Amino acid sequence: MKIAIAQLNYTIGDFEGNKEKIICHIRKARKDGAKVVMFSEQAISGRPAYDLLNDIVFLEKCNETLSEIAKESSDITTIIGLPLHIDNSIISAAAIIHNGKISRFIGKQNVISRDESYHLARSHGYEFVRVEGRNIAVVLGSDIYSEHDFGNDVDVIVRLKSTRYSRGIIEKRYDFYSKIAYKTNSNVIAVNQLGGQTDIVYDGSSFVFNRKGEAVALLKSFEEDYAVFEVDSDMPALRIPEQDKARNVYRAIKLGLKDYFVKNGFKKACLGLSGGIDSAVVCALAAEVLGPENVHVLMMPSQYSSDHSVEDAVKLAETLGIKYDIVPIPGIFDSVNNSLTEVFSGVDQDVTEENIQSRIRGVLIMALSNKYGYIVLNTSNKSECAVGYGTMYGDTVGALSILGDLYKTEVYELARHINRKGEIIPQNTINKEPSAELRPDHKDSDSLPLYDILDAILYRLIEENQTIEEITTAGFENDTVHKVFRMLMANEYKRYQFCPVLRLSTCTLGTDRILPLTYNHSCLL
């Protein structure tokens with residue numbers, strides 16, 4: 001018996017477009033002799049739909065689309081995911097369609113992620129479906145992680161899922177499902193969502209493992225794909241490829257950025273290009289994904305900007321073939337300061353004047369956005385967002401952050417990957433010491449630990465949720481750890497006002513890690 005796997009990129013609420021893709025692949029599967037074709041969790045609606053799941057019209061359109069798909073499912077069994085309104089609750093369900101008729105629904109039991117726990121109710125969990133004399137266990141999402149006894153006569157375990165990308169997740173999935181297949185002595189097939197949905201990137205990476213725990217089909221990562229698996233055939237085992245972290249992050253950002261623009265109907269982007277590493281990486285990715293003709297940058301040097309920063313920015317823009325303008329800000333800066341002379345009389349200059357420079361740049365880039373209808377791409381990284389090393393309404397402007405879940409050291413890794421075939425980002429941008437250039441001889445290290453140290457501490461605090469004692473025991477200097485901890489705790493209010501961040505880690509600030517604004521930080525010491 002052949003089972004077809006359709007890994008597709010859906011758009012939330014585009015019922016007609018999603019239906020066309022699904023029906024196209026049902027027909028393809030039938031032509032290929034498949035008796036079963038399977039699609040991902042919530043394929044019909046797209047995911048995550050959030051409060052759209054509370055809208056009766058949205059749910060009715062899910063059902064209408066399912067009925068139209070069923071009409072196209074003659075001579076084949078279709079297993080497809082959708083949100084379902086049943087018994088006064090909304091569940092994530094798999095519809096089982098036999099020969100053009102919806103025979104039943106199988107609901108997800110374990111609703112655990114923040115993206116769905118507020119909107120979805122628990123259901124009964126996996127059930128068996130019999131097709132062509134074969135027993136198929138149909139499992140949705142996180143139900144696979146429960147300890148199940150599928151019995152000795154299950155032939156195939158199929159999982160409909162919508163698991164987002166995070167660094168290191170693909171290889172962990174392969175390892176987990178290999179063990180499940182071997183343990184249950186079953187073929188295991190999983191089909192995953194694909195594509196960018198606001199701040200989430202689904203990587204696809206669907207697969208088939210045979211009863212021995214060997215991979216026999218590995219669908220592409222970050223691309224639509226389709227495969228047919230013949231149950232208990234002698235398909236040769238595949239070598240599971242080693243995962244390149246920088247390459248996967250690069251592909252995830254490209255997919256998330258592309259779908260953010262395509263699915264919203266946006267065309268052009270703008271950003272401030274400083275000559276630093278963060279804006280250089282954002283600029284290079286935007287030009288590659290959107291096309292150089294759709295990217296416009298402003299270079300906004302101040303009296304403190306070095307000549308090489310402007311030169312590096314110009315070199316990058318010309319290498320990419322994007323439009324750029326140089327708009328010096330010293331005159332604007334002086335005008336603002338002069339306007340505040342009486343207000344600030346008798347008070348020494350401090351970080352206030354430094355932040356004015358950043359906010360001037362924010363005003364200028366937003367003006368460019370408004371004038372031409374561009375979408376502003378934010379250029380902050382996770383290290384800066386974590387410790388508040390960025391000016392509100394200046395560095396933080398933007399509709400989407402594509403680096404906000406990458407630590408500074410990971411941004412450098414990404415830059416080196418972008419340059420893997422030749423210099424795109426100027427080598428000087430990569431080599432020079434990081435600086436916001438807000439005062440003479442300014443370096444980031446004036447205010448922060450070196451990024452290698454800062455990022456290692458932040459990773460332990462955020463991703464691993466370690467205590468200060470655990471981190472200092474690991475060999476980090478006590479005062480430095482306490483300083484980083486205080487900065488992390490003190491800047492949650494900035495993160496509350498930050499734009500959506502493409503999620504690339506297991507713990508994205510503002511979505512996977514949310515703290516109250518008013519609490520006593522000492523409770524964590």
Side-chain angles (χ1 to χ4, degrees), residues 257 261 266-287 290 292-318 320-341 344 349 351-381 384-385 389-404 429 434-440 442 444 494 497-500:
L257 178 59
F261 273 72
F266 301 145
K267 300 293 184 184
K268 296 179 180 290
C270 66
L271 63 141
L273 187 61
S274 67
I277 191 69
D278 301 308
S279 62
V281 168
V282 173
C283 187
L285 286 164
L290 306 176
E293 70 280 6
N294 292 315
V295 179
H296 188 170
V297 300
L298 289 185
M299 302 165 195
M300 299 168 280
S302 73
Q303 61 270 42
Y304 305 121
S305 299
S306 61
D307 291 339
H308 64 73
S309 290
V310 178
E311 291 167 2
D312 290 343
V314 170
K315 182 179 179 181
L316 174 62
E318 292 181 345
L320 296 173
I322 63 174
K323 183 176 182 180
Y324 70 90
D325 289 289
I326 301 176
V327 183
I329 67 168
I332 307 172
F333 179 67
D334 289 342
S335 178
V336 172
N337 280 334
N338 290 338
S339 298
L340 292 169
T341 298
F344 291 169
Q349 289 196 358
V351 71
T352 304
E353 285 70 24
E354 295 179 9
N355 288 342
I356 287 173
Q357 297 171 67
S358 178
R359 291 187 176 118
I360 289 169
R361 292 179 173 124
V363 168
L364 294 176
I365 200 66
M366 288 307 304
L368 184 68
S369 168
N370 291 161
K371 182 61 69 176
Y372 295 111
Y374 299 157
I375 298 301
V376 179
L377 294 178
N378 179 269
T379 61
S380 300
N381 60 65
E384 295 169 350
C385 294
Y389 192 66
T391 304
M392 290 177 65
Y393 322 119
D395 301 297
T396 61
V397 300
L400 179 70
S401 170
I402 64 174
L403 300 185
T429 298
S435 171
E437 296 187 326
L438 296 177
R439 59 179 179 269
H442 185 199
D444 290 2
K494 288 188 178 182
Q497 300 188 56
F498 201 57
C499 62

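Note that the structure is a prediction, hence the values are computed from the model and not measured.
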Answer with yes or no whether the side chains of Asp395 and Ser358 bring together a donor and an acceptor at under 3.5 Å. yes
May I ask you to decide if Val397's main-chain N or O and Asn378's side chain share a donor-acceptor pair within less than 3.5 Å? yes
With distance as the sole test, does Lys268 use its side chain to make a donor-acceptor pair with the main-chain N or O of Glu293 at under 3.5 Å?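 Pair found, side chain donor or acceptor close to backbone of Glu293.
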Let me have the donor-acceptor pairs involving side chains of residues 326-339, under 3.5 Å, with sequence neighbours excluded, atom names and distances please.
{"unit_1": "Asn338", "atom_1": "ND2", "unit_2": "Asp334", "atom_2": "O", "d": "3.1"}
{"unit_1": "Ser339", "atom_1": "OG", "unit_2": "Ser335", "atom_2": "O", "d": "2.9"}

Hey, does [Y] have a side-chain heavy atom less than 4.5 Å from the side chain of [X]?
X	Y	answer
Leu377	Leu257	yes
Arg361	Leu364	no
Val351	Glu354	yes
Ile356	Leu340	yes
Gln497	Thr396	no
Tyr324	Leu273	no
Ser380	Phe498	yes

Provide the closest heavy-atom pair for [X] versus [Y] in the form atom of the first, atom of the second, distance.
X	Y	answer
Ser279	Gly272	CB-O, 3.3 Å
Ile365	Cys270	O-SG, 4.0 Å
Ala399	Pro500	O-CD, 3.4 Å
Ile322	Ala287	CG2-CB, 3.9 Å
Tyr374	Ala269	CB-C, 4.1 Å
Ser274	Ser309	O-CB, 3.5 Å

So how far is it from [X] [atom1] to [Y] [atom2], rounded to the nearest 0.5 Å?
X	Y	atom1	atom2	result
Leu290	Lys267	CG	NZ	10.5 Å
Gln303	Gln357	CD	CD	5.5 Å
Cys283	Leu320	SG	CG	5.0 Å
Met300	Ile360	CE	CD1	10.5 Å

One pair to check against side chain to side chain contact (heavy atoms under 4.5 Å, CB included): Leu298 and Leu368. What are the steps and the verdict? CA-CA 9 Å; Leu298 289 185; Leu368 184 68; 3.8 Å; yes
My understanding is that only residues two or more places apart in sequence, or in another chain, count here; which of them pass ring pair (Phe, Tyr, Trp, His ring centres under 6.0 Å) with Tyr304? none
Does the plane of the ring in Phe261 sit parallel, tilted or perpendicular to the ring in Phe266? Use 30° and 60° as the thresholds. perpendicular
Stepwise, does the side chain to side chain contact (heavy atoms under 4.5 Å, CB included) test hold for His296 with Asp325? CA-CA 8 Å; His296 188 170; Asp325 289 289; 2.7 Å; yes
Does atom CG of Asp307 have more than 12 heavy-atom neighbours from other groups under 6.0 Å away? no
More than 12 non-hydrogen atoms from neighbouring residues, nucleotides or ligands closer than 6.0 Å to CD on Gln349, yes or no?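 Counting neighbours around CD of Gln349, 12 or fewer heavy atoms of other residues, nucleotides or ligands fall under 6.0 Å, so no.
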Criterion side chain to side chain contact (heavy atoms under 4.5 Å, CB included) on Ile402 and Val282, from CA distance to verdict: CA-CA 7 Å; Ile402 64 174; Val282 173; 4.0 Å; yes
Only counting residues at least two apart or in another chain, list the ones meeting salt bridge (Lys or Arg N to Asp or Glu O under 4.0 Å) with Asp278.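 If we apply the salt bridge (Lys or Arg N to Asp or Glu O under 4.0 Å) test to Asp278, skipping adjacent residues, the hits are Lys408.
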